[in-house]
Each structure stands twice: as structure tokens, then as C-alpha cells.
There are 2 protein chains.
Amino acid sequence: MTTRSSTDPTRVIPEATVARLPVYLRALTALADSGIRTCSSEDLATAAGVNSAKLRKDLSYLGSYGTRGVGYDVDYLRYQIAREIGVTQDWPVVIVGIGNLGHALANYSGFRSRGFRVVALLDADPGLIGQTVAGVAVRPFDELEAIVQEHDVAIGVIATPALAAQGVADRMVAIGITSILNFAPAVLAVPEGVDVRKVDLSIELQILAYHEQRKANGAGAAAAAAADGGAA
Amino acid sequence: MTTRSSTDPTRVIPEATVARLPVYLRALTALADSGIRTCSSEDLATAAGVNSAKLRKDLSYLGSYGTRGVGYDVDYLRYQIAREIGVTQDWPVVIVGIGNLGHALANYSGFRSRGFRVVALLDADPGLIGQTVAGVAVRPFDELEAIVQEHDVAIGVIATPALAAQGVADRMVAIGITSILNFAPAVLAVPEGVDVRKVDLSIELQILAYHEQRKANGAGAAAAAAADGGAA
DNA sequence: AGGAGTTTGTGAACGTGAGAACAAAATTGG
DNA sequence: CCAATTTTGTTCTCACGTTCACAAACTCCT
């Protein structure tokens, strides 16, 4: 007996699938906003930018929420995915490091509308304290512990310079934060049980540059390959 | 004969490896900055946050740049990786959409120091035109074509609201841009041959929320699983 | 010179993910 | 009520990525 029902909390959803669920959620919201009540896996897959076989397989890990011959009820599926991800209630979040990027994150409306609430902005620079960003006051980094305990914060965002990032992470972990979203260009060491996700702007550009370089070399490379083949 | 020498442009580097090369590059730079001239795969792996077997396998796709019994020359390896990625020269980049995030990106010093040069900031809002951000003037979106041709730009960054993103992408593609870094929360449709990478802040948070929820359910889930097992 | 000790590069085993293909289950029309 | 049609859920196969384990190759010491 290896069946895992949708209410069985021990069933495992592949990491690759978890990473796509938010995309499906957004696509479903877009469909709902344009008045669509029902959609096929083909429709939703197109809206989400994946192929329909992969979409169906992903959804099958959550349960059986579609109707054969008909498709999916947009609102119902949206709720099921939101519940699975855990964004039917709001998650309190703290942002540490209110530089250019911290400002942008504090002002990003997508957090609020997608299940997250920024409860505090923290910075070590005394010059920033008291300033208000997006309606939230910037407070001293020392107040992290009090804020985390008051609001029961589990998720922290690091938007500091690279050198400060590990120190901030250590402090967060010590206080009980167990999920960190890291924008600083640094590798964070954290204990088992703490999740870290990294967003790195220049790495993404470097990956594009690699492929761009290969495209640029394309014509020459094809010729070289042909010559190589001829020689062999 | 299937050997691929390091100068053979047809050899294939796995995508997962390509995504890690910039991490190694950064770790090597950090090592060089602290005066280290030579390092083992173990040292570098630790600095990069991966295990040493994976690191060695990744590097083996580039060529054989280490010395058995000794390790890697930091500067030499750094140059080889930079060359492989294509960041030994600067890539010109345009940023479209100068809102909060666009501001932060324009000010991000990591671009400049890692092989990228922001040659233009563009926005459709007349109210922003002429303003200077990080020493670069904001210009009308209409000037995209002239700028791309003048500087031979291949990489574009989209930091607009979701609704504008597809239109901007279409325009970029029409003008000849072949790599796009998209910060807008939207799925972009682009023709074959154009690379798109997506950075989505709220998706990253949602992935963390999913795992956080599972941790929170941990105690209860373990009990439920035990009860389940007992029943079966 | 030769053996002991290090560390790389790689072949092989294993695990995860993607995609094709199809059976199962629903609707629709006669 | 039954056949035709649609669309899901799942199985099977293949490709990709990770990790282990070890031979090859280098240094260092005696």
C-alpha cells in the first residue's frame, strides 16, 4: 500500500513541481480575472508556458482535481494549489537591508497580493532608521528578535551587501527563522532544517552571456565542426 | 571519436553546470581577494556551497585545468571560467522599466564588476524621461532600436509591470535582442533562438512558504503518519 | 630513486525529471 | 441507452544530473 491521498501529509511532491505551482497559480488568477471559469490542461499549460503533459503530471501529485472530458474549474483548482503551497493565509516577512534593492522589495505589491505581509524593515545604518518606506518604518537591526517573536515570523529576506549577509543569516537562524530568501551575492552557510533560496541578478546575466556567446560563435563553430569532422 | 577538446566549440556543457559556473567564478574572486593563490577542489567547493565531486565534474567539462596532488591555480582557473562564460569582455545591456526595481538594477554595482555595462535606461512614462539614475539618463522607450544598434546590444532586462512585459519583449526581439532577463511577473512568449530567464520574487517566497508549511505540520504529520501506518 | 601521501579527472551506479502514449472517465448527440 | 468525442490521470521510457569510488598523476620526504 503506497497510495498517498491528497490529505496525507507524508506524500512527497517533487521539488521541480513545487517550483512550478506558483506559476500555475498566477496563470489561474489571470484566467479568472478575464472571466474564464473552466479550462483544459492545454489552456492552462499555454498560459503557464509549459507543455500540457507536464502540467497534468504536476497536478496529479496534488490530487485529482479535474474532470475527464471537461477540464479544471479555475477557482477550485486555484484554491487547491494555494492551499497546497500554503498561501491561503498571509505569511509575515521581515526584510533586512534597506538599500536600493530593499526599497524595491518593500514597495513590491506582488508580495501583499500573493500571501505575504512585510511586518518590518530593518537596517544597521542609523541614518536610515525612522525613515518610512512603503508605509513601514525602518527600524534598527537589533530589534529583529523582538519583531520575529511578536509576529511569529518564519521567513526572512536578506538584501544587504555581500559581506553582511552571513552575519544577518546567523542572527536570523539563532532567533528561529527557518526560511531565508537571499539577494546578497554570497553563499550562506546555515544549519540543517533551514531553507535558503538565492536570487542573484548577475548570475542570471552571466548565464545569458554564456549562451549569447555560443550563438555569436555559431557560424564559425559550425564551420569549425565541419572541418573537424572532415579531418576525422 | 567523440572526444571534445576544450577549444572545440561543439562540445556541450550541461545546463546545470553552466548555472554553477558564475558561482565558482565569484568564489574564486573571493579567494583571490584574500590572497590565496592555489586551492583544492574541496576548498573551492566549500566556498561555492557545493560538494567537491560535483565541482570537479563541472570543471572537467571545461578542460583539465587542475594539477593532481596540488589543486587549482586560483587566477588561472578564474580566467578560464570567465572566458568560458564570456565575461572577459563587457556586455552592453539595456534596462526597460525604471520603477523601483529598475532603479535598484541600474544602481547595482555587481553588473559593472562582473562583465556588464548598462548602456541605457528606458521607460514609456514621459514623467521619468531626462531623470538621471546611477549616472545614466532615462530615455523614451521609442529609442530602443537606435540604442541597440548603436551599442550592438544583445541582452535586454525587463523590469516593467506584468502587463507591459510581453509588448516590450516583442519589440526587443524584433530589433534583434536575443537574450532577455525578465523581472516582470509574466510568462513571455518568444521565438526559437531567443533565451529568456525569469526572476520572480514572489515565486521564490511561495516556494519557501510551501516548505515552511510542511515544517510547521511536521509534528502533526509525523503523528498522522504513525496512525496511518498503524491502521494499515 | 623510490615509496608514501595528496588530489584530480572520470567511469559507473543511482535517482530525479520530462515527454510520449494510452486507458479511464466524463460529456454530447442521436 | 449507446456510440463518438473530449480530456484527464497514469504508466513507461528515455535523458539528465548527482554522487560514489578509484585509477592516474603529481609532490614531498627519506
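Below, chains carry the letters A, B, ... as their sequence lines are ordered, and counting in each starts from 1. Computed from heavy atoms alone, side chains included, the values below leave out hydrogens, waters and symmetry copies.
- Aromatic pair Tyr65(A)/Tyr72(A): ring centres not closer than 6.0 Å.
- By the side-chain hydrogen bond (donor to acceptor under 3.5 Å, both in side chains) test, Thr46(A) is found to be paired with no residue, residues two or more places apart in sequence or in another chain being considered.
- Applying the side-chain hydrogen bond (donor to acceptor under 3.5 Å, both in side chains) test to Asp170(A) and every residue at least two apart in sequence or in another chain returns Gln166(A).
- In terms of the ring pair (Phe, Tyr, Trp, His ring centres under 6.0 Å) criterion, Tyr79(B) has no residue partners (sequence neighbours excluded).
- Computed from C1' positions of five pairs at each end, the angle between the two local axes of the helix from dA1(C)-dT30(D) to dG30(C)-dC1(D) equals 0°, rounded to 10 degrees.
- Among all heavy-atom pairs drawn from Ala186(A) and Ala162(A), the shortest one is CB-O, 3.9 Å.
- Side-chain atoms of Asn107(A) do not come within 3.5 Å of backbone N or O of Ala104(A) as any donor-acceptor pair.
- Remark: Tyr108(B) engages Phe111(B) in a ring pair (Phe, Tyr, Trp, His ring centres under 6.0 Å) (not counting sequence neighbours).
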inquiry  = Treating primed atoms plus P, OP1 and OP2 as sugar-phosphate and everything else as base, which nucleotides of nucleotides 25-30 of chain C get B, S or - for protein heavy atoms under 4.0 Å?
reply    = BSS---

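- Screening residues 181-212 of chain B for ring-ring contact (aromatic ring centres under 6.0 Å, His included), with sequence neighbours left out, gives no hits.
- The side-chain hydrogen bond (donor to acceptor under 3.5 Å, both in side chains) test applied to Asn182(B) returns no partner, not counting sequence neighbours.
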Do any side-chain atoms of residues 171-181 of chain A form donor-acceptor pairs under 3.5 angstrom with protein atoms, and if so which ones, sequence neighbours left out?
from: Thr178(A); atom 1: OG1; to: Glu212(B); atom 2: OE1; distance (Å): 3.0
from: Thr178(A); atom 1: OG1; to: Glu212(B); atom 2: OE2; distance (Å): 2.6
from: Ser179(A); atom 1: OG; to: Glu212(B); atom 2: OE1; distance (Å): 2.4

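- Remark: the Ser202(A) side chain and the Asp200(A) side chain contain an N/O donor-acceptor pair separated by less than 3.5 Å.
- Every residue was checked against the side-chain hydrogen bond (donor to acceptor under 3.5 Å, both in side chains) condition with Arg114(B), not counting sequence neighbours, and none meets it.
- Within residues 33-59 of chain B, the residues having any heavy atom under 4.0 Å from DNA chain C are, by residue number, Ser40(B), Ser41(B), Arg56(B), Lys57(B).
- The span of DNA chain D lying next to chain A, judged by atoms under 4.0 Å from heavy atoms, is bounded 5' to 3' by dT6(D) to dC12(D).
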